[in-house]
Amino acid sequence: MTEQQPFREPLRATLTRTVGIALVAGAVLARWWGGLARWPVATAVMLWPSLGGHWLELWFLNWLRPRLPDRRGVQLAARVAVWFIGGIGLALAMRLTATALTGLRRASWATWWIAGAAFVGIELVAQLVLQLRGRPSFFNGRG
């Protein structure tokens, strides 16, 4: 495996993409939550997986990955584990934010593992989009 370069992106590009994702996902969530009046709260909740997920990925790429062995299998397993555990943490933050901003208690937290698996799925789709665009990704070993 070749030496990986740290990932760098202008903050403006990061915020444009992640806030845009949160706005769209927040609109979808608000519709499910009972209407457009919930859109600002839903957008705030959706910033966790969009912006928080970006910072989680940066932590892996720029801090953890350089400290791991160069073997591709180790790198892949560690990345999926980070996505899974990070997804659980982001889902917990989403739940706490939603509860704090709405005062409503949501369903039981018995499905924590679904949150981790869902975040892994979201990341795999995002990485597939990068792969299809010819960019460095999880699938080609360059990202």
Side-chain angles (χ1 to χ4, degrees), residues 1-2 4-68 71-143:
M1 200 171 206
T2 61
Q4 301 288 337
Q5 297 296 313
F7 180 82
R8 305 232 188 277
E9 178 181 55
L11 183 59
R12 183 181 186 136
T14 298
L15 292 177
T16 299
R17 182 183 65 255
T18 58
V19 171
I21 290 168
L23 284 167
V24 171
V28 171
L29 182 61
R31 184 171 168 91
W32 185 59
W33 272 1
L36 204 53
R38 297 264 187 199
W39 191 12
V41 171
T43 298
V45 168
M46 294 311 291
L47 278 168
W48 282 109
S50 64
L51 186 57
H54 171 77
W55 294 113
L56 179 69
E57 185 73 357
L58 279 183
W59 177 79
F60 174 81
L61 292 173
N62 295 341
W63 189 86
L64 184 60
R65 182 172 63 178
R67 289 162 175 76
L68 293 172
R71 294 190 311 276
R72 181 132 166 83
V74 171
Q75 299 270 328
L76 293 177
R79 197 166 193 177
V80 171
V82 165
W83 289 341
F84 183 78
I85 295 166
I88 293 168
L90 291 169
L92 178 60
M94 291 170 69
R95 181 185 170 131
L96 293 173
T97 301
T99 300
L101 295 178
T102 66
L104 300 174
R105 297 244 335 128
R106 299 287 176 206
S108 151
W109 186 239
T111 55
W112 57 268
W113 62 272
I114 292 174
F119 192 72
V120 169
I122 290 166
E123 284 295 331
L124 287 172
V125 169
Q127 294 294 318
L128 179 61
V129 170
L130 291 173
Q131 172 74 11
L132 293 173
R133 295 176 71 195
R135 309 263 319 264
S137 78
F138 171 85
F139 296 108
N140 62 27
R142 295 185 298 134

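Counting begins at 1 with the first residue of the sequence.
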Colleague: Could you go through the side-chain contact (heavy atoms from CB on, under 4.5 Å) check for Leu58 and Trp63 one step at a time?
Modeller: CA-CA 8 Å; Leu58 279 183; Trp63 189 86; over 6 Å; no
Colleague: Under the side-chain contact (heavy atoms from CB on, under 4.5 Å) criterion, do Val19 and Leu47 qualify, and how do the steps go?
Modeller: CA-CA 7 Å; Val19 171; Leu47 278 168; 4.1 Å; yes
Colleague: Atom CG of Leu124 and atom CZ of Phe138: how far apart are they, to the nearest 0.5 Å?
Modeller: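 Rounded to the nearest 0.5 Å, the CG-CZ separation comes to 5.5 Å.
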Colleague: Step by step, would you call Trp48 with Phe119 a ring-ring contact (aromatic ring centres under 6.0 Å, His included)?
Modeller: CA-CA 11 Å; Trp48 282 109; Phe119 192 72; over 10 Å; no
Colleague: Would you call the rings of Phe84 and Trp112 parallel, tilted or perpendicular if under 30° counts as parallel and over 60° as perpendicular?
Modeller: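 If you compare the ring of Phe84 with that of Trp112, the planes turn out perpendicular.
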Colleague: Quick one: which residue pairs count as a salt bridge (Lys or Arg N to Asp or Glu O under 4.0 Å) with a foot in residues 5-24, not counting sequence neighbours?
Modeller: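 Qualifying pairs, neighbours excluded: Glu9-Arg17.
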Colleague: Would you mind reporting whether Ile21 and Leu51 have side-chain heavy atoms less than 4.5 Å apart?
Modeller: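 Contact flag for Leu51/Ile21 side chains = no.
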Colleague: Please round to the nearest 0.5 Å and tell me the distance separating atom CE of Met46 and atom CG of Leu29.
Modeller: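 Going from CE on Met46 over to CG on Leu29, the span is 6.0 Å.
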Colleague: Starting at CG of Leu90, measure out to CZ of Arg95 and round the result to the nearest 0.5 Å.
Modeller: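 Result: 15.5 Å between the selected atoms.
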Colleague: Side chains of residues 128-135: which donor-acceptor pairs under 3.5 Å do they make with residues two or more places apart or in other chains?
Modeller:
| unit_1 | atom_1 | unit_2 | atom_2 | d |
| --- | --- | --- | --- | --- |
| Gln131 | OE1 | Ser137 | OG | 3.0 |
| Gln131 | OE1 | Asn140 | ND2 | 3.0 |

Colleague: Which residue pairs pass the salt bridge (Lys or Arg N to Asp or Glu O under 4.0 Å) test when at least one of the two sits in residues 41-59, sequence neighbours left out?
Modeller: Glu57-Arg79
Colleague: Ignoring hydrogens and geometry, is there a side-chain-to-backbone donor-acceptor pair from Trp59 to Val82 under 3.5 Å?
Modeller: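 Answer holds: no.
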Colleague: Can you pull the salt bridge (Lys or Arg N to Asp or Glu O under 4.0 Å) pairs that have at least one residue in residues 21-33, sequence neighbours excluded?
Modeller: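 Salt bridge (Lys or Arg N to Asp or Glu O under 4.0 Å) check on residues 21-33 returns no pairs.
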Colleague: Short question: side chain of Ser50, backbone of Thr18 - any donor-acceptor pair under 3.5 Å?
Modeller: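 Yes.
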Colleague: Is a side-chain donor or acceptor of Asn62 paired with a backbone partner of Pro6 at a separation under 3.5 angstrom?
Modeller: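 No, the answer is negative, given that no donor and acceptor are paired below the 3.5 Å cut-off.
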Colleague: Set out, in order, the CA-CA distance, both residues' side-chain angles and the distance that settles side-chain contact (heavy atoms from CB on, under 4.5 Å) for Thr43 and Trp39, then state yes or no.
Modeller: CA-CA 6 Å; Thr43 298; Trp39 191 12; 3.1 Å; yes
Colleague: Can you confirm whether Phe139 sits close enough to Leu76 that some side-chain heavy atom of one is under 4.5 Å from a side-chain heavy atom of the other?
Modeller: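 Phe139 vs Leu76: side chains apart.
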Colleague: Under the criterion side-chain contact (heavy atoms from CB on, under 4.5 Å), I'd like the reasoning laid out for Trp33 against Val28: C-alpha separation, chi angles, the key distance, then a yes or no.
Modeller: CA-CA 9 Å; Trp33 272 1; Val28 171; over 6 Å; no
Colleague: For Glu123, enumerate each residue passing the salt bridge (charged side-chain N to carboxylate O under 4.0 Å, His left out) test, keeping only those at least two apart in sequence or located in another chain.
Modeller: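 Listed in chain order: nothing, the list is empty.
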Colleague: Which pair of heavy atoms, one from Ala42 and one from Ala30, lies closest together, and at what distance?
Modeller: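 Taking every non-hydrogen atom into account, CB-N, 3.8 Å.
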Colleague: Residues in salt bridge (charged side-chain N to carboxylate O under 4.0 Å, His left out) with Arg142, at least two apart?
Modeller: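 Arg142: no salt bridge (charged side-chain N to carboxylate O under 4.0 Å, His left out) contacts found.
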Colleague: Please give me the minimum heavy-atom distance between Ala44 and Leu101, naming the atom from each residue.
Modeller: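 The pair with the smallest heavy-atom distance is CB-CD1, 4.1 Å.
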